[in-house]
Protein chains: 2
Amino acid sequence: MQNLKGKAPRTASSKKPSAGPAVDKVDTAYLQTLMGYNARRAALSIIELFLERLAPYGLKPVDFSVMSTIQHNPGVTSRQLCATLNLLPPNLVGLIQSLESRGLIERKPHPHDGRAVGLHATPKGQALMVQAEQTASDLEIEKTAKLTPIQRKTLLALLQKIYL
Amino acid sequence: MQNLKGKAPRTASSKKPSAGPAVDKVDTAYLQTLMGYNARRAALSIIELFLERLAPYGLKPVDFSVMSTIQHNPGVTSRQLCATLNLLPPNLVGLIQSLESRGLIERKPHPHDGRAVGLHATPKGQALMVQAEQTASDLEIEKTAKLTPIQRKTLLALLQKIYL
DNA sequence: TATTGTTATACTCTATAACTATA
DNA sequence: TATAGTTATAGAGTATAACAATA
């Protein structure tokens, strides 16, 4: 384990101010007490591998979450996707158009609201996502290999208590 | 920062899910099993409040982590900062120049390596960071209010097992 | 009048190549 | 030759304002 000091780590011992000493090992004890810092570092670490493994599917993290949500919620609207995934409507337009032009999703008129459009995964899109979700799940297990299954489940639950 | 209204999907009437293509409530059960998704959502949730509370200090998350690391590691070099915080050297240059022009840090010659430059927080920078770190710590406690102190400590340790 | 989807656009963040000066 | 710092720049990600069609 890391050297966990007390609550508020103090500045390391400083030598002569005119000739600053070389730092042998960088102390990040304080930053490691911040949830935002740790969550972001952990997320970026996983996303780095995600980008590599999901590149063959032509899916980046946002594309993946959008496709997965459409797959599991046939007929979902763009507005609902934005609210669910915390995206802004203008940034979703090009993404949807790209997925449609690739033949992964279809846009069908909404049954009750003429303004809205229901989004549906095509058979091609569904087949792609079955593979993509398996790849993503495998990668995540690999990236969290230092955690026991119970620790992993605990971590997911605690993170959701922050943003949900 | 998102500016979406936190309004739930309409249709309070309880209809059968099989009544039509319209989605009543969006199911995100699968995405919630992914550590990358949850970690990113939690991080963004905290960072949103971070941006608001730290704006009076003129510090964004990266500025804050750089200043904090300099504060706790007097004489640290740019290269060490990049390795520690996972930044790219070209993206750190402007950031360091900005902090220096604001009088928050000083650049002193490295004692043993003529190529390197040691970074030091000025008294003004130190005073600012004492306040900024307190604000950040307070904000994080507030944002993780649903967690017990033990759960919070557990969460930090588990996240570090992923990226460290 | 309010909402869905859209266009245009600006701003920020991140990534890559190449240069300089020192080692 | 290798490394620290820098410059310039391209690409991706994220933000706001405003519009047309529909409720």
Side-chain angles (χ1 to χ4, degrees), chain A residues 20 22-23 26 40-41 43-45 47-48 50-52 54-55 58-66 75-100 105 107-119, chain B residues 1-11 22-23 40-41 43-45 47-48 50-52 55 58-66 70 75-101 105 107-119:
Chain A
V23 176
V26 181
R40 181 161 194 271
R41 291 297 301 267
L44 290 175
S45 172
I47 290 172
E48 181 181 12
F50 186 101
L51 288 170
E52 175 186 331
L54 273 294
L59 296 175
K60 277 172 288 188
V62 182
D63 309 311
F64 177 88
S65 59
V66 166
V76 69
T77 68
S78 292
R79 213 63 177 185
Q80 287 177 309
L81 281 177
C82 287
T84 302
L85 302 176
N86 203 24
L87 304 175
L88 291 173
N91 300 331
L92 189 60
V93 174
L95 211 154
I96 293 295
Q97 290 175 345
S98 174
L99 295 175
E100 187 185 25
I105 62 172
R107 298 156 42 120
K108 301 180 180 177
H110 193 281
H112 309 122
D113 191 336
R115 299 168 301 180
V117 177
L119 303 173
Chain B
M1 180 165 53
Q2 297 276 62
N3 217 5
L4 297 170
K5 299 179 180 177
K7 182 111 167 40
R10 58 178 185 84
T11 61
V23 176
R40 182 160 194 272
R41 291 297 300 266
L44 289 175
S45 171
I47 290 171
E48 180 181 10
F50 186 100
L51 288 171
E52 176 186 332
L59 295 175
K60 278 174 287 187
V62 182
D63 309 311
F64 177 88
S65 58
V66 166
I70 295 174
V76 69
T77 68
S78 292
R79 192 70 187 86
Q80 287 178 309
L81 281 177
C82 287
T84 301
L85 301 176
N86 202 25
L87 304 174
L88 291 172
N91 299 332
L92 190 61
V93 174
L95 212 155
I96 293 294
Q97 290 175 345
S98 175
L99 294 175
E100 186 185 26
S101 68
I105 62 172
R107 300 159 40 129
K108 301 181 182 178
H110 192 282
H112 307 122
D113 192 335
R115 299 168 302 180
V117 177
L119 303 172

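Chain A is the first sequence line, chain B the second, and so forth, proteins listed ahead of strands; every chain is numbered from 1.
- Mapping A/L44 and A/S78 onto DNA chain C via the closest heavy atom, the residue that lands nearer the 5' end is A/S78.
- Between the CG atom of A/L81 and the C1' atom of C/dT4 there is a distance of 13 Å, rounded to whole Å.
- Per the geometry, CG belonging to A/L119 stands 11 Å off C1' belonging to C/dG5, to the nearest Å.
- If you check distances only, the side chain of A/R115 does reach the base of C/dT3 with a donor-acceptor pair under 3.5 Å.
- Using a 4.5 Å cut-off on side-chain heavy atoms (C-beta onward), A/L81 and A/L92 make contact.
- B/T77 has its side chain out of reach of B/V117: every pair of non-hydrogen atoms, C-beta onward, lies at least 4.5 Å apart.
- As a whole-Å value, the separation of B/L85 CG from C/dC13 P is 15 Å.
- Checking side-chain atoms of B/S101 against main-chain N and O of B/S98 turns up a donor-acceptor pair under 3.5 Å.
- Within the structure, a side-chain polar atom (N or O) of A/R107 is placed less than 4.0 Å from OP1 or OP2 of C/dT6.
- Closest-nucleotide positions on DNA chain C for A/G118 and A/R40 were compared, and the one nearer the 5' end corresponds to A/G118.
- For A/L88, whose side chain is taken as the heavy atoms from C-beta onward, the closest listed nucleotide among C/dA15, C/dT6, D/dT16 is D/dT16.
- Map A/V62 and A/G114 each onto its nearest nucleotide of DNA chain D; the residue landing nearer the 5' end is A/V62.
- Put simply, CD on A/E52 is 17 Å from C1' on C/dA15, counting in whole angstrom units.
- Atom C1' of nucleotide C/dT14 and atom NZ of A/K60 are separated by 13 Å, given to the nearest angstrom.
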List the steps and the verdict of side-chain contact (heavy atoms from CB on, under 4.5 Å) for B/L119 and B/V66. CA-CA 10 Å; B/L119 303 172; B/V66 166; 6.0 Å; no
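- Atom pair B/R79:CZ and D/dT6:C1' shows a separation of 13 Å (rounding to whole Å applied).
- Looking at heavy-atom distances under 4.0 Å, A/V117 makes contact with sugar-phosphate atoms alone, never a base.
- Between the side chain of B/D63 and the backbone N or O of B/K60, at least one donor-acceptor pair lies under 3.5 Å.
- Rounded to whole angstrom, the span from the CD atom of B/Q80 across to the C1' atom of D/dT3 amounts to 13 Å.
- Listed in residue order, the members of residues 90-100 of chain B having a heavy atom less than 4.0 Å from DNA chain C are B/P90, B/N91.
- For the pair A/V62 and A/L95, the minimum side-chain heavy-atom distance is below 4.5 Å.
- Following rounding to the nearest Å, A/F64 (CZ) and D/dG13 (P) show an atom-to-atom distance of 16 Å.
- You'll find the side chain of A/R107 reaches within 4.5 Å of the side chain of A/I96, heavy atoms only.
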